[in-house]
Amino acid sequence: MEVFLNIWIIQNVQYTEIDWKAYMQEVEGFLNGTLNYSKLQGDTGPLVYPAGFVYIFSGLYQLTGHGQNVRLAQYIFAGLYVLTLALVFRLYCKSRKVPPFVLVLLCCCSYRVHSIYVLRLFNDPVAMLLLYAALNCFCDGWWSLGSFVFSFPCAQVVLGAPFLLHDPVAYMKGAFDLGRVFLFKWTVNWRFLPEHVFLDWRFHVGLLAMHLLLLAIFASLQWHRYLRGLQSFRGSGIGVSCQLLLLPLFCSNFIGMVVSRSLHYQFYVWYYHSLPYLAWCTALPIVYKLLVLGVLELAWNTYPATWWSSGLLHLCHWTLLGALFLNRPTDESSKKMAQRLHKIGDKQQIRKKQ
């Protein structure tokens, strides 16, 4: 169904040029022999992504006739979307955490996500494909392969070697510029703030401090229990126990979104496919879970972003994060989970013997 839906969108909805042309201009410089990262530029400015981006989009540059065949690029990104969805569905099926009807909503109900993939051709979907491929490897116990796939886009020593040897300062500053200033007009999550507050470095430092604090709280009160359980069940016949692995990873990523210095529309794919899983890791009634997901979709589809859409986004974020915190495991619930996982493992062992 998603294959036909993406084909219909490509054929009937107008493509909007935003960054694709700039991507092609940036990698064209590399293909022409430029190794100074500060000189790899496009219409939207200098290249700001690690070396993995350069190699991946150099391949797309060649496949699409120097970036000129946009329609072919759209179909390639439609393939990325379907493949990503297959990897996400596999994680959800292995974890058995979310009811099947939610998977239908996940793939059919987001105009914004389809737009990011096949109508805008942003680079973010490529990174998310690699992320979900890595998570599938982790869930199957292929830790080395998963780590390689996970780190590929940002690998510094190997992929970045040509740039590092030529001008290491230019590469590190361009690919990992932590002081980069975002434009207020594009922010999705802070439109209710005055622009001078949004740009204030003290605001940025405060968000960073809150980020670290939230990670520390969740790691100490919740995630360590799951990861200890993960270690215990690795050899029990239920692989790496997807349920114990996915929540800490999805939740840590979600925290980064909650306190992000700025979210742009394409960043929605950074956590879109993990939102149902997070919602079903809470004790919220199903109606409220669906309501949170629906309002988040509304906020991300409001263009341009307004004070109320940003407010709704934060309301949903903090509601979901609070519900996740309140549903943290206790000693009693940890024992029950261990028993349930042992039963699953026993059933799998019986099936293998049969």
Side-chain angles (χ1 to χ4, degrees), residues 1-32 40-45 47-90 103-134 136 149 152-153 186 188 263-275 297 300-305:
M1 180 174 63
E2 272 293 341
V3 173
F4 295 111
L5 178 59
N6 278 276
I7 292 175
W8 185 89
I9 292 173
I10 292 171
Q11 293 292 334
N12 293 277
V13 184
Q14 185 177 1
Y15 162 79
T16 301
E17 171 57 44
I18 298 180
D19 282 339
W20 172 257
K21 184 179 178 181
Y23 295 160
M24 296 298 100
Q25 292 168 337
E26 290 162 356
V27 299
E28 186 176 47
F30 164 70
L31 293 171
N32 288 336
L40 298 177
Q41 299 189 8
D43 288 344
T44 58
L47 177 59
V48 295
Y49 308 111
F53 164 89
V54 176
Y55 296 109
I56 292 171
F57 276 80
S58 292
L60 292 173
Y61 177 90
Q62 301 290 356
L63 287 173
T64 58
H66 299 182
Q68 298 301 311
N69 193 340
V70 175
R71 181 55 57 89
L72 176 58
Q74 287 182 277
Y75 281 111
I76 292 174
F77 273 75
L80 291 178
Y81 176 84
V82 173
L83 183 55
T84 299
L85 204 59
L87 292 171
V88 170
F89 278 17
R90 186 173 185 270
L103 300 183
V104 178
L105 299 178
L106 183 67
C107 66
C108 297
C109 294
S110 179
Y111 167 80
R112 178 63 63 190
V113 170
H114 286 90
S115 173
I116 290 168
Y117 275 83
V118 300
L119 297 179
R120 304 295 188 271
L121 306 182
F122 286 116
N123 66 322
D124 306 82
V126 179
M128 299 316 298
L129 173 67
L130 295 174
L131 169 64
Y132 290 117
N136 273 272
V149 173
F152 177 78
W186 293 120
V188 177
L263 295 177
H264 297 174
Y265 286 101
Q266 63 266 35
F267 299 173
Y268 192 20
V269 298
W270 290 4
Y271 74 160
Y272 172 75
H273 294 101
S274 66
L275 287 173
E297 182 69 19
W300 281 101
N301 278 284
T302 302
Y303 178 84

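- In terms of modelled atom types and a separation under 3.5 Å, the side chain of Tyr265 and the main chain of Ala305 share a donor-acceptor contact.
- Annotation: side chain of Val126 is not in contact with side chain of Phe53 (no heavy-atom distance under 4.5 Å).
- Remark: the Asn32 side chain and the Glu28 side chain contain no N/O donor-acceptor pair separated by less than 3.5 Å.
- Remark: Met24 CE to Asp43 CG distance equals 12.5 Å, nearest 0.5 Å.
- Shortest non-hydrogen contact noted between Thr84 and Tyr132 is CG2-CD1, 3.8 Å.
- The shortest side-chain heavy-atom distance between Trp8 and Val13 falls under the 4.5 Å cut-off.
- Closest non-hydrogen pair, Thr16 versus Arg120, comes out as OG1-NH1, 3.5 Å.
- Residue Phe30 holds its CZ atom at 8.5 Å from CG of Leu40, rounded to the nearest 0.5 Å.
- Residues Leu60 and Phe77 are in side-chain contact: their nearest non-hydrogen atoms beyond the backbone lie under 4.5 Å apart.
- The shortest distance between side-chain heavy atoms of Phe57 and Trp20 falls below 4.5 Å.
- Between Ser58 and Val27 the shortest heavy-atom distance is OG-CB, 3.7 Å.
- Of the N and O atoms on the side chains of Tyr111 and Asn301, not one donor lies less than 3.5 Å from an acceptor on the other residue.
- Of all non-hydrogen atoms in Leu72 and Asn69, the two that sit nearest each other are N-OD1, 3.1 Å.
- Here the options are Tyr268, Trp270, Phe267, the test is ring-ring contact (aromatic ring centres under 6.0 Å, His included), and the partner is Trp300; only Tyr268 passes.
- Between His114 and Tyr117, the gap from one ring centroid to the other reaches at least 6.0 Å.
- Considering only heavy atoms from C-beta on, Asp19 stays 4.5 Å or farther from Asn123 through its side chain.
- Nearest heavy atoms, Gln74 versus Ile10: O-CD1, 3.6 Å.
- Side-chain contact of Glu26 with Tyr61: a donor-acceptor pair under 3.5 Å is absent, judged by distance alone.
- Residues Asn6 and Tyr75 have side chains not in contact (no heavy-atom distance under 4.5 Å, counting atoms from C-beta outward).
- Counting only heavy atoms from C-beta outward, the side chains of Arg71 and Thr64 never approach each other to under 4.5 Å.
- Here the side chains of Gln266 and Ile18 are not in contact, with every heavy-atom distance at 4.5 Å or above.
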### Message
Before you tell me yes or no, could you show the steps for Val70 and Glu17 under side chain to side chain contact (heavy atoms under 4.5 Å, CB included), namely the whole-Å CA-CA distance, both residues' side-chain angles and the distance that decides it to 0.1 Å?
### Response
CA-CA 10 Å; Val70 175; Glu17 171 57 44; 5.5 Å; no
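- For the atom pair OH (Tyr272) and CG (Leu106), the distance works out to 4.5 Å, reported to the nearest 0.5 Å.
- Annotation: Tyr23 is not in aromatic contact with Phe122 [ring centroid separation under 6.0 Å not met].
- To the nearest 0.5 Å, atoms CD (Glu297) and OG1 (Thr302) are separated by 10.0 Å.
- Taking CG of Leu129 as the reference point, atom CG of Asp124 lies at 12.5 Å (rounded to 0.5 Å).
- Ring geometry for Tyr303 versus Trp186: interplanar angle under 30°, hence parallel rather than tilted (30 to 60°).
- With rounding to the nearest 0.5 Å, the separation of CG in Leu87 from CE in Met128 is 11.0 Å.
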